[in-house]
Engineer: 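This structure is in structure tokens; I'll ask about it shortly.
Convention: sequence-line order gives letters A, B, ...; per-chain numbering from 1. Values below: all heavy atoms of this structure, side chains included; hydrogens, waters and symmetry mates excluded.
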Amino acid sequence: MIDLKDLRENPDRYRHAAQLKRIDVDIDTLLELDAKRRALDSTRQQLTAEKNSIGKQIAQLAGRLKSASPTEKSAVQEEMKNLQSRPTELKAQEQTLDAQVAEIDPRLMEILLRCAQPADDDVPVGRDDSENVEIKKWGTVRQFDFSPKDHMTLGSELNLIDVDRGVKLAGSRSYFLIGDGALLHQAVLRLAQDMMMERGFIPMTVPVLVREPAMVGTGYFPLGREQSYVMSNEEPAKYLVGTAEVSLTAFHMDETLDGKTLPRKYVGMSPCFRREAGTYGKDTAGLYRIHQFDKVEQVIICKNDIKESKRWHEEILQNAEAILQKLDLPYRIVKVCTGDLGQGQVAKYDIETWMPSRKSYGETHSASRFYDFQARRLNLRYRDEEGKVRICHTLNNTVIASPRVLIPILELYQNANGSITIPTALRPYMGNREIIGNA
RNA sequence: GGAGGAGUGGCAGAGUGGUCGAAUGCGCCGGUCUUGAAAACCGGUGGGCCAGCAAUGGUCCCGUGAGUUCGAAUCUCACCUCCUCCGCCA
């Protein structure tokens with residue numbers, strides 16, 4: 001959530017932010033509702049103050065009544081009765097005001113939840129992902145001296161992937177991983193988790209079925225609601241997360257952490273569920289765009305300090321690079337432009353890994369920094385050295401997402417005879433074998 | 001799923017309609033004492049929102065939301081969470 005006070009003072013900053021992120025949000029109405037809301041609040045407080053003060057007088061009389069002599073008693077009772085009429089009037093006025101507030105509040109909140117966090121100054125301005133800016137390339141793209149197969153061909157010839165039966169059971173964009181396909185998938189995830197643990201991240205198994213506040217708090221709702229699966233026979237409803245980021249970031253929701261314990265570094269492995277609404281006909285072949293996958297995700301919760309946030313952003317980016325380098329997969333890093341940035345993100349790097357069958361780099365990682373956007377929604381705070389309560393900053397990045405990353409692995413590690421060489425880093429997780437398929 | 005019980009400040013725990021943001025203890029912070037520490041003693045110690053440069057003032061918060069009442073931590077209803085017992089179960 002954005003800072004409403006800041007919006008009041010710098011409305012143009014937020015108009016501009018929404019425009020750059022191409023989010024349709026009515027700032028003028030928001031300001032108008034906010035002004036009305038505060039005026040009502042102020043009036044209402046005055047009424048309540050008067051009511052409370054009369055209430056206290058009555059209370060004191062009630063106390064005196066207990067020890068009053070019979071002659072005093074009736075006088076005190078009379079006085080109490082006289083005092084009682086005014087609060088009744090005040091209460092009626094309060095109710096009128098409350099009704100108005102009750103009408104305004106949801107409208108105000110609806111708009112507020114749609115407001116875009118302004119992108120950081122170093123973010124390139126652009127319309128969509130075509131205007132993301134490449135900042136780094138790593139590795140050499142393999143040149144084949146034979147005609148390479150795509151991962152689907154390899155997957156079915158070696159009996160690693162079965163999409164047909166996946167679709168039969170679960171509908172479009174579903175799949176089975178079989179035998180070494182399943183093992184390779186798990187090997188990649190384990191490698192990722194182990195590498196993150198070496199880097200001081202605490203491993204977590206997280207809920208993947210969560211309540212609405214976790215989804216709103218992390219910024220996936222309300223704008224991305226149609227992308228999530230909902231369990232509507234639960235009351236209140238539960239939602240399947242699209243990433244462990246939701247659970248890891250919301251882990252400390254409504255808490256005030258001790259500043260000395262920051263940063264918190266968490267790594268979670270979880271299934272991820274995405275409806276992929278509005279993507280019909282896009283990336284239909286193979287394991288690229290699917291409804292369910294597994295991902296190892298890194299999350300950092302740190303102090304409210306822009307410099308620190310930026311530093312951790314570089315670190316989580318490097319963590320992801322480290323695993324791609326260990327797997328020797330060529331990749332590039334792009335700085336995501338304003339139009340391709342999420343509502344709450346102030347900056348984002350995508351890592352794209354070379355995928356021979358796509359003849360291009362395909363997104364495999366996404367490293368985001370939010371400053372206090374998520375933490376404000378989550379009511380996630382900490383106490384600093386001076387004892388002041390402040391809102392945390394949050395960041396996250398993919399460590400590895402599989403099976404998508406199996407696309408470059410299978411395609412780049414294939415041999416002329418149709419077998420796959422297992423990347424060295426994965427062999428310890430695959431019984432130290434070197435080859436999938438006949439050598 | 002069935003039957004009971006419970007949710008109060010960092011923690012423990014009192015409070016069953018009024019002067020209660022809430023006793024007391026522990027913890028924490030500051031001080032006195034001490035060569036230093038401990039003990040003892042003294043003082044302090046929540047958050048949100050609004051106004052204000054600030055000091056401060058107002059208001060809201062006793063799981064959450066609604067209600068009764070001049071007045072609710074205390075009474076009523078709904079929901080959430082936890083505990084105990086029974087059933088079922090990876």
Engineer: Does CD belonging to A:Gln84 count more than 12 external heavy atoms closer than 6.0 Å?
Structural biologist: yes
Engineer: According to side-chain hydrogen bond (donor to acceptor under 3.5 Å, both in side chains), who are the partners of A:Gln19, at least two apart in sequence or on a separate chain?
Structural biologist: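 With sequence neighbours excluded, A:Gln19 shows a side-chain hydrogen bond (donor to acceptor under 3.5 Å, both in side chains) to no residue whatsoever.
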Engineer: Is it the case that A:Glu255 and A:Tyr382 place a side-chain donor and acceptor less than 3.5 Å from each other?
Structural biologist: no
Engineer: For nucleotides B:C82 and B:U74, find the distance between their P atoms and express it as a whole number of Å.
Structural biologist: 23 Å
Engineer: Which of residues 46-54 of chain A have a heavy atom under 4.0 Å from RNA chain B?
Structural biologist: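 When residues 46-54 of chain A is checked for heavy atoms under 4.0 Å from RNA chain B, the hits, listed by number, are A:Thr48, A:Ala49, A:Asn52.
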Engineer: I need a per-nucleotide contact map over nucleotides 46-54 of chain B, read 5' to 3'. Cutoff is protein heavy atoms under 4.0 Å; write B for the base, S for backbone only, - otherwise.
Structural biologist: -SS-SS---
Engineer: Give a yes-or-no answer on whether the side chains of A:Thr153 and A:Asp150 include a donor-acceptor pair shorter than 3.5 Å.
Structural biologist: yes
Engineer: Hey, mind stepping through A:Tyr266 and A:Phe251 against ring pair (Phe, Tyr, Trp, His ring centres under 6.0 Å) and telling me if it holds?
Structural biologist: CA-CA 10 Å; A:Tyr266 298 127; A:Phe251 181 59; 5.6 Å; yes
Engineer: At a cut-off of 3.5 Å, list every protein nitrogen or oxygen paired with a nitrogen or oxygen from nucleotides 7-9 of chain B, distance to 0.1 Å.
Structural biologist:
none

Engineer: Can you name the nearest heavy-atom pair linking A:Thr43 to A:Ala39, along with the distance?
Structural biologist: OG1-O, 2.9 Å
Engineer: Just do the salt bridge (Lys or Arg N to Asp or Glu O under 4.0 Å) check on A:Asp26 and A:Arg114 with the steps written out, would you?
Structural biologist: CA-CA 9 Å; A:Asp26 189 348; A:Arg114 294 175 59 93; over 6 Å; no
Engineer: In whole Å, what is the span from the CD atom of A:Gln60 to the C1' atom of B:C70?
Structural biologist: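 Spelled out: CD on A:Gln60 to C1' on B:C70 is 15 Å.
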Engineer: What's the gap between B:U64 and B:A6 when it is taken at their C1' atoms, as a whole Å value?
Structural biologist: 16 Å
Engineer: What's the gap between B:C62 and B:A14 when it is taken at their C1' atoms, as a whole Å value?
Structural biologist: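 About 13 Å, rounded to a whole number of Å.
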Engineer: Does a donor on one side chain and an acceptor on the other come within less than 3.5 Å for A:Thr218 and A:Gln374?
Structural biologist: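 There is no such pair (donor and acceptor under 3.5 Å, judged by atom type) between the side chains of A:Thr218 and A:Gln374.
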Engineer: Output all residues satisfying side chain to side chain contact (heavy atoms under 4.5 Å, CB included) with A:Arg44, sequence neighbours left out; order by chain, then residue number.
Structural biologist: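 Only A:Thr48, A:Glu94, A:Leu97, A:Asp98 meet the side chain to side chain contact (heavy atoms under 4.5 Å, CB included) criterion with A:Arg44.
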Engineer: What integer number of Å spans the C1' atoms of B:G43 and B:C33?
Structural biologist: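 My reading of the C1' atoms in B:G43 and B:C33 gives 15 Å.
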Engineer: Among A:Lys310, A:Arg369, A:Lys265, find the residue that satisfies the salt bridge (Lys or Arg N to Asp or Glu O under 4.0 Å) test when tested with A:Glu315.
Structural biologist: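 With A:Glu315 as partner, A:Lys310, A:Arg369, A:Lys265 yield a single salt bridge (Lys or Arg N to Asp or Glu O under 4.0 Å), made by A:Lys265.
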Engineer: Just grab all the side chain to side chain donor-acceptor pair (under 3.5 Å) pairs involving residues 196-205 of chain A, residues at least two apart or on different chains.
Structural biologist: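 Sorted pair list: A:Arg199-A:Asn319.
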Engineer: Could you give me the stems involving RNA chain B, meaning stretches of three or more consecutive Watson-Crick or G-U wobble pairs whose two defining distances are both below 3.5 Å?
Structural biologist: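 So the stems come out as B:1-7 with B:80-86, B:10-12 with B:24-26, B:27-32 with B:40-45, B:46-51 with B:56-61, B:63-67 with B:75-79.
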Engineer: Regarding A:Asp6 and A:Tyr14, do their side chains bring together a donor and an acceptor under 3.5 Å, going by distance alone?
Structural biologist: yes
Engineer: Taking only N/O atoms, report every protein-nucleotides 74-83 of chain B pair under 3.5 Å with atom names and distance.
Structural biologist:
residue	atom	partner	partner atom	Å
B:C80	OP1	A:Glu235	O	3.3
B:C80	O3'	A:Arg211	NH2	2.9
B:U81	OP1	A:Arg211	NH2	2.4

Engineer: Taking the P atom in each of B:U19 and B:C61, what is the distance between them to the nearest angstrom?
Structural biologist: 14 Å
Engineer: Just to be sure I understand the geometry, which residues of residues 80-109 of chain A put a non-hydrogen atom under 4.0 Å away from RNA chain B?
Structural biologist: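 A:Gln84, A:Pro87, A:Thr88, A:Lys91, in order of number.
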Engineer: Give a yes or no answer on whether the side chain of A:Asp384 reaches the backbone of A:Gly387 with a donor-acceptor pair at less than 3.5 Å.
Structural biologist: yes
Engineer: Among residues two or more places apart or on two chains, list those pairs meeting salt bridge (charged side-chain N to carboxylate O under 4.0 Å, His left out) that have a residue in residues 293-306 of chain A.
Structural biologist: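 Pairs touching residues 293-306 of chain A that pass the test: A:Lys295-A:Glu297, A:Lys303-A:Glu385.
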Engineer: Please tell me whether A:His291 and A:Tyr175 have a donor and an acceptor in their side chains that are separated by less than 3.5 angstrom.
Structural biologist: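 On atom types as modelled, these side chains do not qualify, holding no pair under 3.5 Å.
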Engineer: Test ring pair (Phe, Tyr, Trp, His ring centres under 6.0 Å) on A:His365 and A:Tyr349; report intermediate values, then the result.
Structural biologist: CA-CA 8 Å; A:His365 296 69; A:Tyr349 297 114; over 10 Å; no
Engineer: What interatomic distance, in whole Å, is found between C1' of B:G17 and the corresponding atom of B:G67?
Structural biologist: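 That atom pair is separated by 16 Å.
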Engineer: Go through the structure and list residues passing side chain to side chain contact (heavy atoms under 4.5 Å, CB included) with A:Glu79, not counting sequence neighbours.
Structural biologist: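 Checked A:Glu79 against side chain to side chain contact (heavy atoms under 4.5 Å, CB included); matches are A:Leu61.
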Engineer: Would you kindly say whether A:Tyr429 and A:Asp194 are connected by a side-chain donor-acceptor distance under 3.5 Å?
Structural biologist: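 A donor-acceptor contact under 3.5 Å links the two side chains.
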Engineer: Take atom P in B:A40 and the same atom in B:C20, then report the distance between them in whole Å.
Structural biologist: 30 Å
Engineer: Show me the pairs that pass salt bridge (charged side-chain N to carboxylate O under 4.0 Å, His left out) and involve residues 205-220 of chain A, at least two apart or across chains.
Structural biologist: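 Pairs touching residues 205-220 of chain A that pass the test: A:Glu212-A:Arg225.
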Engineer: Distance check, C1' atoms only: B:G4 and B:G87, in whole angstrom units.
Structural biologist: 15 Å
